[in-house]
There are 2 protein chains.
Amino acid sequence: MRSEDLTTRARIRDAAVRCFGRGGFRVGVRVVAKEAGVSPGLVLHHFGSKQGLREACDAHVLGVIREHKREAVGGAGAQALLMALASLDRFAPLVAYVLRSLQEGGSLARAFVDHLVEDTEAYLAEGVAAGTLRPSRDEAARARYLTHMGIGTLMVDLTLDPPEDPDDATAFLTRFYERTALPVLELFTDGLMTDRSMLDAYLLYVGDPPAEGTDADPPAA
Amino acid sequence: MRSEDLTTRARIRDAAVRCFGRGGFRVGVRVVAKEAGVSPGLVLHHFGSKQGLREACDAHVLGVIREHKREAVGGAGAQALLMALASLDRFAPLVAYVLRSLQEGGSLARAFVDHLVEDTEAYLAEGVAAGTLRPSRDEAARARYLTHMGIGTLMVDLTLDPPEDPDDATAFLTRFYERTALPVLELFTDGLMTDRSMLDAYLLYVGDPPAEGTDADPPAA
DNA sequence: CAACACCCTAAACACTCGTTCAACCCCGCA
DNA sequence: TGCGGGGTTGAACGAGTGTTTAGGGTGTTG
């Protein structure tokens with residue numbers, strides 16, 4: 001911790017990120033104040049209100065993630081990004097904060113997810129262009145769906161059996177990855193169904209959708 | 001509403017289900033009491049504590065769902081079940097309650113999801129036996145993954161832009177279904193990738209997994 | 001009729017929350 | 001030396017929470 005060379009304001013903000021990441025946004029101002037080593041009044045003096053404190057946290061976390069996304073290199077996708085960030089343990093509290101934010105909703109969650117959807121769309125487009133990924137009849141919808149799906153699966157695992165140590169985001173993410181790697185790879189390479197009847201029925205039902213992009217050859221079963 | 005022919009205890013319980021479904025579990029005992037048309041003290045008199053009230057709600061909701069699952073016939077899967085239940089509008093508050101429960105965690109959420117995982121596993125086994133679904137190297141893991149994935153995608157949509165009318169679970173579920181039908185059908189019929197390299201790399205890396213149950217022939221590409 | 005048991009209410013209690021405020025310390029500056 | 005003035009404190013306020021408790025009614029029973 002290089003906490004003494006920070007502004008008091010920044011120290012409070014970082015403490016708040018830690019506290020909110022650990023216990024959600026219901027933790028009180030007094031807890032944050034104690035974590036930062038200051039009095040409760042000072043927190044409100046610097047941020048106006050608890051809402052202001054949270055907004056400052058949101059802005060800071062989002063900024064740091066945007067800034068350091070390139071360090072967290074590798075494939076697109078929510079887990080990949082969070083995993084890479086959490087492995088750099090100085091970012092672990094930020095990851096916990098993001099997970100909490102995704103759990104309880106709010107503007108940071110929306111911004112973060114929209115950001116990921118963009119990345120995913122670009123990543124998918126690359127893959128399609130390179131021939132490694134199949135094209136979709138609605139690329140935007142697919143990108144959003146895959147992103148929501150990735151994050152959602154993670155969130156369900158998180159809420160259903162929350163890790164005993166809320167600080168160790170890395171352990172949780174690793175465990176999650178181990179449990180889901182095989183099914184997700186199977187699904188992504190071969191799909192689930194053996195024929196196209198359900199998809200065709202749907203396409204017939206909705207009257208065949210935009211079909212923009214490449215209306216590519218359906219790969220023979 | 002046939003509310004006057006119920007025990008006061010049942011009336012309070014149903015009011016609590018509605019309130020919790022609408023506003024989450026943070027809504028106060030006084031709100032529930034007002035919704036039920038009784039005094040706040042009576043709520044605690046009947047259920048001992050707020051925790052007791054919630055447990056009674058959990059038990060009741062789970063019981064009703066178990067009981068009426070056959071009415072809500074059709075394919076397995078979280079959305080299918082919830083959708084079918086919500087369409088019967090007398091169950092709409094229950095569905096909202098379940099969604100809240102999934103959002104905030106708790107024993108009902110766990111029970112509900114475990115229940116769904118079982119159903120999914122049976123449903124998948126049927127499909128595999130009938131030849132309409134591809135087998136997996138770890139059927140249990142796949143069933144759990146697909147269930148968490150389905151519910152998770154739903155929850156992300158729900159937390160990211162919550163519906164303006166928290167009572168109308170049907171509208172939300174319909175909209176969700178429309179947005180995801182195409183991507184999910186595409187993914188389930190053809191997968192995402194054009195070759196098996198990533199899956200093979202993983203299988204090589206983990207040294208080919210348990211493969212218990214049906215150590216079936218990997219379907220020839 | 002008296003007495004008991006039960007359903008129910010209204011008020012109060014104890015606590016936590018976000019927020020406010022008067023005062024204090026300590027710094028630079030004239 | 002006196003004078004701000006921002007950083008900081010700790011106590012207090014008011015509204016919210018879950019919970020407790022004393023006490024009305026009301027019906028049933030002896």
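Just so we're on the same page: letters track the sequence lines, and every chain starts at 1.
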> For the pair made of CG in B:L44 and P in D:dT17, what is the distance, rounded to whole Å?
Replying inline: 13 Å
>> Nearest to the B:L42 side chain among D:dT9, C:dT19, C:dT9, which nucleotide is it?
In response: C:dT9
> Rounded to the Å, how far apart are A:R30 CZ and C:dG18 C1'?
Replying inline: 7 Å
>> Assuming nearest nucleotide by heavy-atom distance, tell me which of B:S39 and A:G41 is located more 5' along DNA chain C.
In response: B:S39
> Are A:R144 and A:E139 within salt-bridge range, i.e. N to O under 4.0 Å?
Replying inline: no
> Are A:R179 and B:Y145 in a cation-pi contact, defined as NZ or CZ under 6.0 Å from the six-membered ring centre and within 45° of the axis?
Replying inline: no
> Over how many whole Å does the gap from A:H46 atom NE2 to D:dG6 atom P extend?
Replying inline: 13 Å
> Under a 4.0 Å N-O cut-off, is there an ion pair linking A:R175 with A:E178?
Replying inline: no
> To the nearest angstrom, how far is B:R54 atom CZ from D:dG18 atom P?
Replying inline: 13 Å
>> Once you measure the plane-to-plane angle for B:F20 and B:F25, does it fall in the parallel (<30°), tilted (30-60°) or perpendicular (>60°) bin?
In response: tilted
> Under 4.0 angstrom, heavy atoms only, what part of the nucleic acid is A:H45 near: base, sugar-phosphate, or nothing?
Replying inline: base
>> What is the separation between atom NZ on B:K34 and atom C1' on D:dG16, rounded to the nearest whole Å?
In response: 15 Å
> Where the side chain of A:V29 is defined as all heavy atoms beyond and including C-beta, which of C:dC8, C:dT19, D:dT8 is the nearest nucleotide?
Replying inline: C:dT19
> Rounded to whole angstrom units, what separation is found between the CD atom of A:Q51 and the P atom of C:dT19?
Replying inline: 9 Å
> C:dG18 P sits how many Å from A:R26 CZ, rounded?
Replying inline: 12 Å
> Can you check the B:R11 CZ to C:dC7 P distance for me, whole Å?
Replying inline: 13 Å
